[in-house]
Amino acid sequence: MRIDVVSLFPDFIAQCAAFGVTGRAVERGLLWLHGWNPRDYAEGNYRKVDDRPFGGGPGMVMLIDPLRNALQAARQADPAPSRTIYLSPQGRPLTQSRVRELAGEQRLVLLCGRYEGIDERLVAAEVDEEISIGDYVLSGGELAAAVLVDAVTRLQEGALNDAESAQQDSFGDGLLDCPHYTRPVEHELGAVPEVLLSGNHAHIAAWRRMQSLGRTSQRRPDLLDEQALSKADRKLLEQWRVEQG
Ligand code: 4GX
């Protein structure tokens with residue numbers, strides 16, 4: 001997958017993707033990441049990329065033309081059609097299901113804003129989709145773009161090793177992950193749940209499922225449609241509630 005990022009800090013996203021799963025994906029040729037700086041496409045001695053907002057008020061707004069020229073350069077760098085995504089709190093919240101869809105695109109162009117935002121005419125004319133990574137305010141779109149790059153890269157075929165893939169599956173069903181334990185069995189902070197030491201793989205799988213269901217119902221009820229659960233899952237959730245007291 002090819003991802004072009006239009007940003008005043010193009011190196012920032014490259015640095016974010018230089019380690020771990022994304023870094024390995026770049027090495028393996030699964031991810032091509034390119035930065036495009038609107039400042040390189042700005043006119044005049046000062047290479048101005050922003051100006052004061054019409055209507056008054058604090059802050060600055062990014063100019064149309066440097067962004068538009070940078071976007072055009074990014075698109076022309078590869079003939080494959082690209083989706084242009086603007087990262088902003090006004091966008092649709094990013095979900096794992098949207099990440100799965102975007103991971104199937106051949107290429108993405110990500111647009112990162114600084115200051116108060118970008119001129120709305122550029123958004124209307126050049127942006128296919130506005131995405132938010134969550135209901136909080138960042139100082140720019142770069143961290144949001146880095147989040148999106150990470151989430152879609154780990155879904156590229158061959159990006160994860162076997163252990164990482166198995167982990168991925170546990171959120172694949174829309175439930176929160178179960179708790180995990182390692183040695184020692186006994187610790188002053190507590191003991192490891194018996195069932196995990198039993199060697200009974202069916203019991204262990206059922207216990208983990210129960211924990212996932214219970215935690216999701218407790219912490220993220222918005223993710224759980226209890227009516228839609230299988231009979232077996234409903235029984236596990238009931239059992240979890242009994243055990244919680
Ligand atoms: N999920 N930001 C965009 C610039 C900006 C300011 C005002 C439009 C209007 C964010 C998020 C996010 C901060 C990126 C402000 N754009 N992006 N930036 N949450 O907070 O994606």
Side-chain angles (χ1 to χ4, degrees), residues 1-18 20-22 31 33-42 46-75 82-105 107-155 171 219-220 222-223:
M1 171 178 227
R2 175 183 175 124
I3 304 180
D4 292 280
V5 185
V6 173
S7 159
L8 287 171
F9 304 102
D11 295 344
F12 179 87
I13 291 116
Q15 279 301 312
C16 278
V21 171
T22 45
L31 171 68
L33 201 54
H34 291 262
W36 302 86
N37 192 337
R39 185 132 0 236
D40 296 335
Y41 301 87
Y46 297 100
R47 305 214 154 253
K48 203 161 88 114
V49 294
D50 60 346
D51 207 337
R52 289 168 300 161
F54 279 120
M60 302 290 268
V61 176
M62 292 184 79
L63 294 167
I64 294 175
D65 284 328
L67 287 172
R68 194 160 175 241
N69 293 336
L71 276 173
Q72 194 191 351
R75 288 180 186 136
S82 57
R83 274 191 84 69
T84 300
I85 297 173
Y86 176 44
L87 286 313
S88 105
Q90 283 71 48
R92 261 207 309 175
L94 186 62
T95 61
Q96 188 63 16
S97 97
R98 189 70 192 119
V99 168
R100 272 185 222 112
E101 292 167 357
L102 292 172
E105 298 276 335
R107 59 177 307 216
L108 298 174
V109 175
L110 306 183
L111 180 56
C112 301
R114 283 264 149 187
Y115 316 114
E116 297 322 300
I118 67 187
D119 192 302
E120 191 63 25
R121 291 168 292 182
L122 180 89
V123 180
E126 304 280 2
V127 169
D128 296 310
E129 181 175 359
E130 213 166 322
I131 290 182
S132 166
I133 65 157
D135 293 337
Y136 38 77
V137 181
L138 304 170
S139 305
E142 285 77 11
L143 277 170
V147 165
L148 185 51
V149 167
D150 186 284
V152 299
T153 300
R154 51 188 286 107
L155 296 188
F171 197 65
R219 302 180 188 192
R220 294 294 306 277
D222 56 303
L223 295 179

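Model, not experiment: these values are computed from the prediction. Atoms within each ligand, like the ligands themselves, are counted from 1 in listed order.
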Once side-chain hydrogen bond (donor to acceptor under 3.5 Å, both in side chains) is applied, do any residues pair with Arg121, and if so which ones, sequence neighbours excluded?
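Here the qualifying residues are Asp119.
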With a sphere of 6.0 Å drawn around CZ of Arg47, does it hold more than 12 non-hydrogen atoms of other residues, nucleotides or ligands?
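Correct, the count exceeds 12.
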Show the protein residues that qualify under the rule heavy atom under 4.0 Å from an atom of ligand 1, listing them in chain and number order.
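Correct list: Tyr86, Leu87, Ser88, Pro89, Gln90, Gly113, Tyr115, Glu116, Gly117, Ile131, Ser132, Ile133, Gly134, Tyr136, Val137, Leu138, Gly140, Gly141, Ala144.
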Would you give the length of the straight line joining atom CG of Asp51 to atom OH of Tyr115, rounded to the nearest 0.5 angstrom?
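The OH atom of Tyr115 is 11.0 Å from CG of Asp51, to the nearest 0.5 Å.
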Taking only distance into account, with no hydrogens and no angle test, what donor-acceptor pairs under 3.5 Å do side-chain atoms of residues 127-135 form with protein atoms, sequence neighbours excluded?
{"from": "Asp128", "atom 1": "OD2", "to": "Thr84", "atom 2": "N", "distance (Å)": "2.8"}
{"from": "Glu129", "atom 1": "OE1", "to": "Arg83", "atom 2": "NE", "distance (Å)": "3.1"}
{"from": "Glu129", "atom 1": "OE1", "to": "Arg83", "atom 2": "NH2", "distance (Å)": "2.9"}
{"from": "Glu129", "atom 1": "OE1", "to": "Arg98", "atom 2": "NH2", "distance (Å)": "2.8"}
{"from": "Glu129", "atom 1": "OE2", "to": "Arg98", "atom 2": "NE", "distance (Å)": "2.8"}
{"from": "Glu129", "atom 1": "OE2", "to": "Arg98", "atom 2": "NH2", "distance (Å)": "3.3"}
{"from": "Glu130", "atom 1": "OE2", "to": "Ser88", "atom 2": "OG", "distance (Å)": "2.8"}
{"from": "Ser132", "atom 1": "OG", "to": "Gly134", "atom 2": "N", "distance (Å)": "3.0"}
{"from": "Ser132", "atom 1": "OG", "to": "Gly134", "atom 2": "O", "distance (Å)": "3.1"}

With side chains defined as the heavy atoms from C-beta onward, is the minimum distance between Glu142 and Arg114 less than 4.5 Å?
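Glu142 reaches Arg114 side chain to side chain.
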Suppose we screen for side chain to side chain contact (heavy atoms under 4.5 Å, CB included). Which residues come up paired with Thr153, at least two apart in sequence or across chains?
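By the side chain to side chain contact (heavy atoms under 4.5 Å, CB included) rule, Thr153 matches Thr22, Ala25, Leu31, Val149.
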